[in-house]
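One structure below.
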Amino acid sequence: MYLLDKLNEKQREAASYGKGPILVVAGAGTGKTRVLTHRIAYLIETGKAMPWEILAITFTNKAANEMKERIAELIDYSIDRMWIGTFHSVCVRILRKNIGRIGYDSNFVIYDTNDQKILIKDCIKELNLDSKKYNINAIRGMISGEKNRRISPDKYISEHFGEFYKRNVGEIYALYEKKLKIANALDFDDLLLKALKILETEEEVRKLYQDRFKYILVDEYQDTNLIQYMLVKILGQKPDGGDNVFVVGDEDQSIYGWRGANINNILNFEKDFPGAKVVKLEKNYRSTNIILNAANGVIKNNCQRKGKNLYTDSKGGNLIRIFEMDNEKDEAFTVAALMRKERRENNIEYSDIAVLYRTNVQSRALEEGLMREGIPYKIVGGLKFYERKEIKDIMAYLMLVYNQKDNISFNRIVNVPRRKIGLKTIGIIEDHANETEVSKFEACYDASELNLTAAASKNISDFVSMIEMLMIKKDVMPVSEFIREVYETTGYESMLFSDDTVEGRSRVENIEEFLSAAKDFEERYEENSLEDFLAHVSLLSDVDRTDETQKNTVTLMTVHSAKGLEFDTVFITGLEDGIFPIIHQDDLNDDDLEEERRLFYVAITRAKRMLYITYANDRMRFGNHEMKIKSRFLKEIPDECIEENQPDTFAAKKIEKLEKGKHFYGKRHPFVKNSFFKGEDDIKHERPRLKSDVIRPGDKVMHKAWGIGTVVQIKGEGNSKSVLIAFENKGVKNLILEYAPIEKI
DNA sequence: CTTTGCATTATTTTT
DNA sequence: TAATGCAAAG
């Protein structure tokens, strides 16, 4: 069939497989997305399924969108009614329709990690427990873990009744669940759990979806957890008794064990789904032979794997260059210098370059280095737009208007902007809410009967009427307009406008950006109600959130975020023992080490052509200098793939210069040169020069000495290109483009 | 009721 | 280092 012509034999075998369970073991870069999209297209084109009879589950929304686009190119049918999304978004869809059956209202809200923590904190306080001994993050993790093992609070308490600490954790867990229920809210785990529960207990619903989804496809199967496995299992069951699931994954890329993902889901697939077919894709189309050999050399040290060896037709490739650096600032500088070199010598666009690291904190030093060096970059997951206060506040308004039981959102905004509703007023409301077992907003209706001052009572009722007005408006306005309405009528806008600081202004800008994101959402999706928007925003992953409009910038991200992506040139930074592999508290068990190794394997296999690895001898952590030794993983890369380097001459010269120079900064350790880039003058003349193609007559430029000017004319070619610039008050100057300290503005 | 300042503590990875 | 929390003062 022509559709499958472009696939290799193995890929075709997988894509055209008939009914029954099948596992496609797809190594990195072996074309698994291709197989998935072609299989879906194949099922539709051959009449085996209609678009709405297909359910495809991806790891991120971005992956889902890309898959939709690719499928749309392959087939003539409309894909609108095809379900493609993450486990979480698919479950939300199921829940909106059916959650009434298990005692929730269909207008539930989704609580993110941050909301969870607030809730847990409230629980600890309410139970009069010592907040020092009960660590919120740890407890959040424990609750999530128990939920995913389907252990109820009661069960947990009875299992640990003799253990004081754990019993109390159980009490926190119980209260946490109760509070969620009162708020008609679900956390991330609940989205999957409640959907599963409905499918298990409601036969009608189960039959409906089992019937509807004739074919189920799951990507990144190695990162599914117990609940996700059960969802796949139950949805995949067909009337004829067979399981109809098509899963794609790679045990060597299982990197979410800490989140409950179970590598055994993929390792035991054939046991779990009797009669399963297994197809292995081992031919790699992404990386050079050298990079593949390095990756194979590393991953073969793992035991938890079925074993496979990636190969490629392409021969050779560039050696992997490994750099030993003094500290993280040098590391950043060297990365920047090498990037510029790649661009200059190999014509590599910045957008084809990625810098990967193990932990998010490492991005800071890199960011500073790139900024100083004038290399455009974007950070995935770094500064979280949707976690900024102003965005969370507006979101809280939206959530409260949507679901008046949402106590977390209520707390967030009752008094923002100031409405003279203080802690004691809220306390009284809260007590009343607890007594009568209603939400705080609902408790506000009784404000006049409570022991409040007249003023407080009035303030509360004004607040209530404002929210009620918005509740009416939400149904008659498009989301983006409605959000603006909220922004204005709640007084949030005037609050921001009255703040004249830089911070205040950037908040206004952020809100504007948020509004345009809402507008964009409204135009892009057909299901674009407030409800859809709220779910959409809650379920965005870091990769989904990154600004795609910024072109030609390098990308900085964690290795986790890089899963599924590829770049021409990749830098893996911080290859130090204790950082990568990360060691938490002195212990690193074998399972953890294997996961770290898989993570390193994922990092290596992101690179298509060129791979750089760096490590620093001294890294600043918690404001202290720490001595580091190079990662044990580096020894696992076969020698013949590596070229060990000192920083290249460009950087080395610079370091030398600074060493004997006067730039010794740092308050606590004056003897360590830790502010490498503070030497402004040294940097300035090595800044990237303006490329002639980015500057045109009419452009405004900033010159270091002469200030702002306008480009009049560009003369000459190549290196000798010169530019005529008219400066304000300084006359017209002729400058050699290559050396001129000018920046476009 | 709000703001300020000092002290403490946290860093894996994220839907 | 930077973010958060708590106490004290305005």
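Naming: A, B, ... by sequence-line order, numbering from 1 per chain. Remember, it's a predicted structure, so these values are computed and weren't measured experimentally.
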Task: Closest nucleotide among B:dT13, B:dA10, B:dT14 to the A:Asn135 side chain - done: B:dA10
- [ ] Using whole Å, report how far CD of A:Glu368 lies from C1' of C:dA2.
- [x] 13 Å
TODO: Return the value, rounded to whole Å, for the distance between atom OH of A:Tyr357 and atom P of B:dT11.
DONE: 17 Å
TODO: Report yes or no: do A:Asp112 and A:Asn114 form a side-chain donor-acceptor pair below 3.5 Å?
DONE: no
Task: Candidate nucleotides B:dT11, B:dT15, B:dT12, ranked by approach to the side chain of A:Arg358 - the nearest - done: B:dT12
Open item on the list: Counting the atoms with a prime plus P, OP1 and OP2 as sugar-phosphate, which does A:Ser561 contact under 4.0 Å by heavy atoms, base, sugar-phosphate, or nothing?
Closed with: sugar-phosphate
- [ ] Return the 5'-most residue of the pair A:His560, A:Ile421 with respect to DNA chain B, ranking by each residue's nearest nucleotide.
- [x] A:Ile421
- [ ] Indicate, with yes or no, if the rings of A:Tyr165 and A:Tyr134 have centres closer together than 6.0 Å.
- [x] yes
Open item on the list: Does A:Lys121 reach a base, just sugar-phosphate, or nothing at all? Heavy atoms under 4.0 Å.
Closed with: sugar-phosphate
Task: Euclidean distance, atom CZ of residue A:Arg419 to atom P of B:dT2 [Å, nearest integer] - done: 13 Å
Open item on the list: Strictly below 4.0 Å, N to O, side chains only: are A:Glu328 and A:Arg364 in salt-bridge contact?
Closed with: no
Open item on the list: Tell me whether the side-chain N/O atoms of A:Arg418 come closer than 4.0 Å to OP1 or OP2 in B:dT2.
Closed with: yes
- [ ] Send over the distance from A:Asn624 CG to C:dA2 P, rounded to a whole Å.
- [x] 13 Å
Open item on the list: Under 4.0 Å, heavy atoms only, any strand: does A:Lys424 hit a base, just the sugar-phosphate, or nothing?
Closed with: sugar-phosphate
- [ ] Could you tell me the separation between the CD atom of A:Glu220 and the C1' atom of B:dT15, rounded to a whole number of Å?
- [x] 13 Å
Task: SB check A:Lys125 A:Glu430 (cutoff 4.0 Å) - done: no
Task: Sugar-phosphate, base or nothing in reach of A:Asn415, heavy atoms under 4.0 Å - done: sugar-phosphate
Task: A:Asn360 side-chain N/O to B:dT11 phosphate OP1/OP2 under 4.0 Å - done: no
Task: Separation of the C1' atoms in C:dT4 and B:dT13, to the nearest angstrom - done: 22 Å
TODO: Round to the nearest Å and state the distance from A:Lys125 atom NZ to C:dG5 atom P.
DONE: 10 Å
Task: Of the listed nucleotides B:dT13, B:dT11, B:dT15, the one nearest the side chain of A:Val361 - done: B:dT11
Open item on the list: Under the criterion of centre distance below 5.5 Å and interplanar angle below 30°, is A:Tyr256 classified as stacked on the base of B:dT14?
Closed with: no
TODO: Grab the CE-P distance between A:Met557 and B:dT14 for me, whole Å please.
DONE: 11 Å
Open item on the list: Quick check for you: among B:dT12, C:dA2, B:dT14, whose closest atom lies nearest to any side-chain atom of A:Arg140?
Closed with: B:dT14
- [ ] May I ask you to verify if any side-chain N or O of A:Thr558 is less than 4.0 angstrom from the OP1 or OP2 atom of B:dT14?
- [x] yes
Quiz: residues 574-582 of chain A side-chain donor-acceptor pairs under 3.5 angstrom, not counting sequence neighbours:
from     : atom 1 : to       : atom 2 : distance (Å)
A:Glu576 : OE1    : A:Arg619 : NE     : 2.7
A:Glu576 : OE2    : A:Ala616 : N      : 2.8
A:Glu576 : OE2    : A:Arg619 : NE     : 3.4
A:Glu576 : OE2    : A:Arg619 : NH2    : 2.7
A:Asp577 : OD1    : A:Arg632 : N      : 2.8
A:Asp577 : OD1    : A:Arg632 : NE     : 3.3
A:Asp577 : OD2    : A:Arg632 : NE     : 3.2
A:Asp577 : OD2    : A:Arg632 : NH2    : 2.9

TODO: Salt-bridge test for A:Lys392 and A:Asp115: reply yes if a basic N is under 4.0 Å from a carboxylate O, no otherwise.
DONE: yes
- [ ] Go through B:dT14, B:dT12, C:dA2 for me and flag the one nearest to the A:Ile582 side chain.
- [x] B:dT12
Open item on the list: Within the 4.0 Å heavy-atom criterion, would you say A:Asn137 contacts the bases, only the backbone, or no part of the nucleic acid?
Closed with: sugar-phosphate
- [ ] Rounded off to whole Å, could you give me the CZ-to-P distance for the A:Arg364 and C:dT1 pair?
- [x] 11 Å
TODO: Indicate whether OP1 or OP2 belonging to B:dT15 is found under 4.0 Å from a side-chain N or O atom of A:Asn61.
DONE: no
